[in-house]
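All ligand and atom numbering here is 1-based and tracks the order in the structure. Please read these numbers as outputs of a predicted model, since none were measured by experiment.
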Amino acid sequence: MIILNKSASLKTGGLELRDKAIITLVNESEALKKVKNREEILWINKDKNEKNDFKVEGLTPEDIDDAEDRLSRFSEYIMKAFPETKKDKGLIESPLREIPLMKNTLNKNYRSKLEGKLFLKMDSHLPIAGSVKARGGIYEILKHTEDLALEKGLIKKDDSYEKLRDPEVRDFFSQYSIHVGSTGNLGLSIGIISAEIGYKVTVHMSADAKEWKKDLLRNYGVEVVEYTEDYGKAVEEGRKKSLEDPNSYFVDDENSKTLFLGYSVAAKRLKKQIKEQNIMVDKDHPLFVYIPCGVGGAPGGISYGLKVVFKENVHCFFVEPTESPCMLIGMESGLNNKISVQDIGLTGITDADGLAVGRPSGFVGNVMKNLLSGIFTIKDFKLYDYLRDLMNSENIFLEPSACATFEGPANLLNYNNGIEYIKSINLNSKMENATHIVWATGGRLVPEDVRKEYLKTHIKNK
Ligand SMILES: *Cc1c(COP(=O)(O)O)cnc(C)c1O
């Protein structure tokens, strides 16, 4: 039985999808048939085009430089406001760490046939917000703040932005408000930075959001509005509330190019770390990167940056839960944000709260069309297995959403189309030189009692 959320499709897309059209769509695609059946799959992107120049309409590599420069201008401010960033001189950055014991575990427990080296990019441990959202979310608020402050003559571009911490400047920002819809982590990141700058900030939380994330925000003086519906609803309501107030700014996770560019800076920083650790990336030393995907902004922005930096030598994969693979269905159908997981009968409900998104970003699918290698889907029970595996092998804790990333290296070579992909780009004999990076997207702020719960959670394999 197809459940079609007609009104939602109409509102966001203006394209009326009829039940029949969706049935045809699903029946004509082997991938969508499996996705509808909640099977785990590896979807390989047929539109990936290695010969292009990695340019995408509406985005340029200079946009990434511009975002990087803006973050530098704020480094003094960030260092003063968040002393935990001192060691990186006010840059919000995370370690890149080799995890050889986890590699052994994957090869042993999952017959992964993984060669080369396995690294963890620890955005789980980013300062301020403890998740990948500390990149895009904070960047967007800083950009908005700079725009306002320049316009009102509070600062000049070559000033030290420390000025923004003066009481009268904070007073100025208290006339302005920020709204954002979130499944949890984006709210944390936007809430914390906005409260620090002085804004009135309201976070609209979907039903998936964890209690401890809401509590933490309230402690920062952030207003938290709770919804019994999913992320799409929280965003819709947040947008509405923001429109009612002329002094309000809405962080639009579903469409924001600013968020996307904030994430993309990660690639330039990673390039430095790769060099420092003497990791080779070239035609004989391929780089594979796996990133959990919700609405698509974070994995899309990071991957766009990586393609600009490493070009055809980097292979980017997303990972999504079997119950909410919104980017996969958007890209496979070509409908992008004009289709939702509910349209094909999935619930969108998953233990991976950060990935519980039913409809993908309106523009990320398009940006990734020629750049993305593929998307893995993962069942919820495995999130906790990987969580324990990483704890037991490397003594590192990640939240369940972040653990989705391990599905990539664990199973790339257990799928026939994964093996074919490697062959098709002539990498068979080069896999022993490969570097695999799993992108850990969150976990540092998870309270001790919740960690303990996760470590003993077992879900039936259904
Ligand atoms: C938000 C989030 C993601 C995915 O980011 P999107 O921009 O929603 O695709 C992945 N992991 C965690 C832990 C997150 O919070």
Worksheet item: Quick one: nearest non-hydrogen protein atom to atom 12 (C) of ligand 1, plus distance?
Response: T441 OG1, 3.3 Å
Worksheet item: Do H458 and Y384 have side-chain N/O donor and acceptor atoms under 3.5 Å apart?
Response: no
Fill in: Residue, atom name and distance, where the atom is the protein heavy atom closest to atom 10 (C) of ligand 1
L355 CD2, 3.4 Å
Worksheet item: Of all the non-hydrogen atoms in the protein, which one sits nearest to atom 5 (O) of ligand 1, and at what distance?
Response: A298 CB, 3.4 Å
Worksheet item: Is it the side chain (CB and beyond), the backbone, both or neither of V295 that lies under 4.0 Å from ligand 1, heavy atoms counted?
Response: both
Worksheet item: Are K213 and D353 close enough, and set up right, to give a salt bridge (charged side-chain N to carboxylate O under 4.0 Å, His left out), and what steps lead you there?
Response: CA-CA 11 Å; K213 293 182 182 174; D353 52 332; 3.2 Å; yes
Worksheet item: Which residue holds the protein heavy atom closest to atom 14 (C) of ligand 1, what is that atom called, and what is the gap in Å?
Response: K133 NZ, 2.9 Å
Worksheet item: Using the ring of each side chain (for Trp, its six-membered ring), is Y249 parallel, tilted or perpendicular to H144, with breaks at 30° and 60°?
Response: parallel
Worksheet item: So is C293 in contact with ligand 1, going by heavy-atom distances below 4.0 Å?
Response: yes
Worksheet item: Are E254 and Y231 close enough, and set up right, to give a side chain to side chain donor-acceptor pair (under 3.5 Å), and what steps lead you there?
Response: CA-CA 10 Å; E254 290 179 330; Y231 166 81; 5.0 Å; no
Worksheet entry | Between CG on residue L398 and OH on residue Y386, distance to nearest 0.5 Å | 13.0 Å
Item to complete: Note the single closest protein heavy atom to atom 4 (C) of ligand 1, along with its residue, its atom name and the distance in Å.
Response: G294 N, 3.5 Å
Discussion item. Would you say Y421 and K48 are linked by a side-chain donor-acceptor pair, where the criterion is simply a distance under 3.5 Å?
Written reply: yes
Worksheet item: Where on S401 is there a heavy atom closer than 4.0 Å to ligand 1, on the side chain, on the backbone, on both, or on neither?
Response: side chain
Practice prompt. Look only at interatomic distance and state if A402 has a nitrogen or oxygen under 3.5 Å from any nitrogen or oxygen of ligand 1.
Written response: no
